[in-house]
Amino acid sequence: MTKTTAAQANIGLITAIVAVATIGGLLFGYDSGAVNGTQEGLKTAYTLDDAGLGFTVGSLLIGCTAGAFLAGRLADLMGRRNVMMLAAVLFLIGALIQGFAPSQPIFVMARIMGGMAVGAASVLSPAYISEVAPANIRGRMTTVQQIMIITGLTAAFVVNYYLAQSAGSSTSGFWLGLEAWRWMYLMQSIPAAVFLVALIFIPESPRYLVSKKREDEAMKVLTSLFGADTAARKLVEIRESFSADHRPRLADLIDPVKGGVRGIVWAGLLLAVFQQLVGINVIFYYGATLWQLAGFTENDALLINIGSGVVSILACFVTVLLVDKIGRKPLLMAGSLGMTATLFAMVYAFSQGSLDADGQLVLSPQLGMLAVIAANLYVIFFNVSWGPVMWVMLGEMFPNQIRGSALAVAGFAQWGSNYLIAQTFPIMASGLGLTVTYSFYAVCAAISFFLVRAFIKETAGRELEEMEG
């Protein structure tokens with residue numbers, strides 16, 4: 001097996017391609033962050049109770065679940081780039097309708113539409129990057145996806161803060177007579193338009209082209225990426241990695257010898273589900289609500305969100321430095337331990353708080369500071385490990401023959417779990433309290449350590465054609 005190294009590659013072109021592909025991650029992050037500051041506006045405009053708010057916020061994830069599942073299969077039929085362009089169009093339309101939606105049903109339909117785009121981009125961007133990047137820098141390049149996700153989150157936090165401050169609050173009127181919270185959604189149309197235009201200028205995945213017998217086109221792309229000599233060798237290796245008797249299909253996920261779902265698919269599902277069960281998106285989706293439950297003002301909560309976003313970006317740069325040097329598995333295990341410790345620290349802070357006359361949790365200054373510090377350390381551990389590394393591994397761990405189908409299933413599981421966490425948090429927080437809610441996330445983080453140690457195999461430094469199912 002020929003090892004393709006960064007020294008042989010056109011790093012400038014690959015970097016440009018990665019920059020475009022990861023705008024999909026920025027859209028994912030921006031939408032997750034935008035909804036964080038719109039909770040009061042949604043409840044006021046659509047008269048929502050806790051369950052209604054959970055569904056309205058979580059409806060994006062219904063779309064994400066469907067989009068991630070369909071994207072994997074569509075990518076095998078239409079190509080990675082074409083499906084990402086379709087996702088950009090859906091996101092653009094969904095953002096505009098969300099901003100102007102006169103009723104909750106219309107808002108939810110638009111949110112599901114945007115969710116389909118986010119789900120598609122979330123699985124295809126890292127897969128596409130893995131298919132064009134050299135093996136020895138593939139982890140670093142794919143980690144840029146998580147940096148863009150967090151950059152999108154942080155940008156949304158900053159925009160939300162500016163809009164709420166300028167209008168007076170998130171529910172106050174602003175430009176064109178629309179409330180500030182509506183502009184928090186409308187602003188998403190800008191990166192969506194940029195993504196759509198930028199995708200026109202990047203090539204299709206050479207592995208997709210080979211799967212479609214378009215080898216002349218694949219050769220051109222590989223030559224532009226790695227040079228003629230390396231491209232010729234890579235073309236042969238890619239061709240040999242595909243089964244000659246049929247095109248990729250969902251049935252390939254079944255082990256032809258042992259029967260049942262392939263072990264590598266179960267490993268992907270493990271990563272996809274537990275990335276969500278540790279509760280990270282409660283911080284992303286409900287950060288403002290969480291900190292207000294813990295006794296902070298809306299203004300302070302929005303500022304805490306911005307701080308968490310900046311910390312997250314810095315943490316991802318640590319992953320860029322380490323992911324190709326020490327490997328994926330050690331980072332996952334270290335992250336599991338760190339998240340377990342910091343989540344239990346948050347549990348302690350919440351358990352020591354008191355309730356005011358309205359039944360709301362109130363933390364002393366010392367406990368409030370402990371909760372904020374623990375939450376930011378938790379975010380750091382997540383973004384050094386499970387945040388980027390799960391996407392890195394999902395993009396590279398599956399053999400070429402099953403990559404699209406396996407991504408469809410893993411993406412479905414990831415976004416389905418994400419939806420369950422988002423849907424249940426308001427109900428759990430109000431019915432069981434933050435102590436019990438965060439204890440659940442902490443226990444899941446502890447379990448994830450042992451699952452990774454037992455079932456996850458290292459993929460660092462291996463060519464995609466070497467991956468086994």
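With T15 contributing its side chain and I11 its backbone, the two residues share a donor-acceptor pair below 3.5 Å. Of the possible donor and acceptor atoms, none in the side chain of Q145 sits under 3.5 Å from a partner among the backbone N and O of T142. The main-chain N or O of G79 is never found under 3.5 Å from a side-chain atom of K212 such that the two would form a donor-acceptor pair. Here the side chain of R182 pairs a donor or acceptor atom with the backbone of G99 at under 3.5 angstrom. Distance alone, capped at 3.5 Å, is enough to place a donor-acceptor pair between the Y208 side chain and the L77 backbone. Not one N or O on the side chain of T171 forms a donor-acceptor pair closer than 3.5 Å with the backbone of G41. In this structure, the side chain of S224 engages the main chain of V221 through a donor-acceptor pair within 3.5 Å. A donor-acceptor contact shorter than 3.5 Å is absent between the side chain of T22 and the backbone of G25.
For A445, the side chain to side chain contact (heavy atoms under 4.5 Å, CB included) partners two or more places apart in sequence, or in a different chain, are V278, M339, T340, L343. Judged as a salt bridge (charged side-chain N to carboxylate O under 4.0 Å, His left out), and not counting sequence neighbours, the contacts of R328 are D324, E396. Residues satisfying the side chain to side chain contact (heavy atoms under 4.5 Å, CB included) criterion with F317, sequence neighbours excluded, are I147, I313. Remark: Q165 pairs with no residue by the side-chain hydrogen bond (donor to acceptor under 3.5 Å, both in side chains) rule, at least two apart or across chains. Partners of Q414 by side-chain hydrogen bond (donor to acceptor under 3.5 Å, both in side chains), not counting sequence neighbours, listed by chain and number: Q275.
Aromatic pair Y441/Y438: centroids less than 6.0 angstrom apart.
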* Asked: Would K43 and D49 satisfy salt bridge (Lys or Arg N to Asp or Glu O under 4.0 Å), going step by step from the backbone distance to the final call?
  -> CA-CA 7 Å; K43 287 193 290 186; D49 57 15; over 6 Å; no
* Just do the side-chain contact (heavy atoms from CB on, under 4.5 Å) check on I149 and Y30 with the steps written out, would you? => CA-CA 7 Å; I149 291 172; Y30 197 102; over 6 Å; no
* To do: Give the C-alpha distance, both sets of side-chain angles, the deciding distance and a yes or no for ring-ring contact (aromatic ring centres under 6.0 Å, His included) between F195 and F91.
  => CA-CA 10 Å; F195 187 38; F91 196 94; 8.8 Å; no
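Using a 4.0 Å cut-off between charged side-chain N and carboxylate O, D31 and R111 make a salt bridge.
In this model, no donor atom of one side chain and acceptor atom of the other lie less than 3.5 Å apart for T143 and T319. No side-chain N or O of W181 forms a donor-acceptor pair with one of T44 less than 3.5 Å apart.
Taking the six-membered ring for Trp and thresholds of 30 and 60 degrees, W391 and W415 have ring planes inclined between 30 and 60 degrees apart. Taking the six-membered ring for Trp and thresholds of 30 and 60 degrees, F107 and Y46 have ring planes inclined between 30 and 60 degrees apart.
Under the 4.5 Å side-chain criterion, counting only non-hydrogen atoms from C-beta, K220 is not in contact with T223. Between R81 and P203, the closest side-chain pair of non-hydrogen atoms is not below 4.5 Å. Contact check for L271 versus I456: side-chain heavy atoms found under the 4.5 Å cut-off. Contact annotation: the side chain of Y348 approaches that of L370 to within less than 4.5 Å [non-hydrogen atoms, C-beta and beyond].
Just one of R80, R138, R207 meets the salt bridge (charged side-chain N to carboxylate O under 4.0 Å, His left out) condition when paired with E131; it is R80.
For W386 against V452, the heavy-atom pair with the smallest separation is CZ2-CG2, 3.4 Å.
Within the structure, the side chain to side chain donor-acceptor pair (under 3.5 Å) test picks out the following pairs touching residues 52-64 (sequence neighbours left out): T56-Q104.
Enclosure of atom CZ in F412 is not indicated, since only 12 or fewer non-hydrogen atoms of other residues, nucleotides or ligands lie within 6.0 angstrom.
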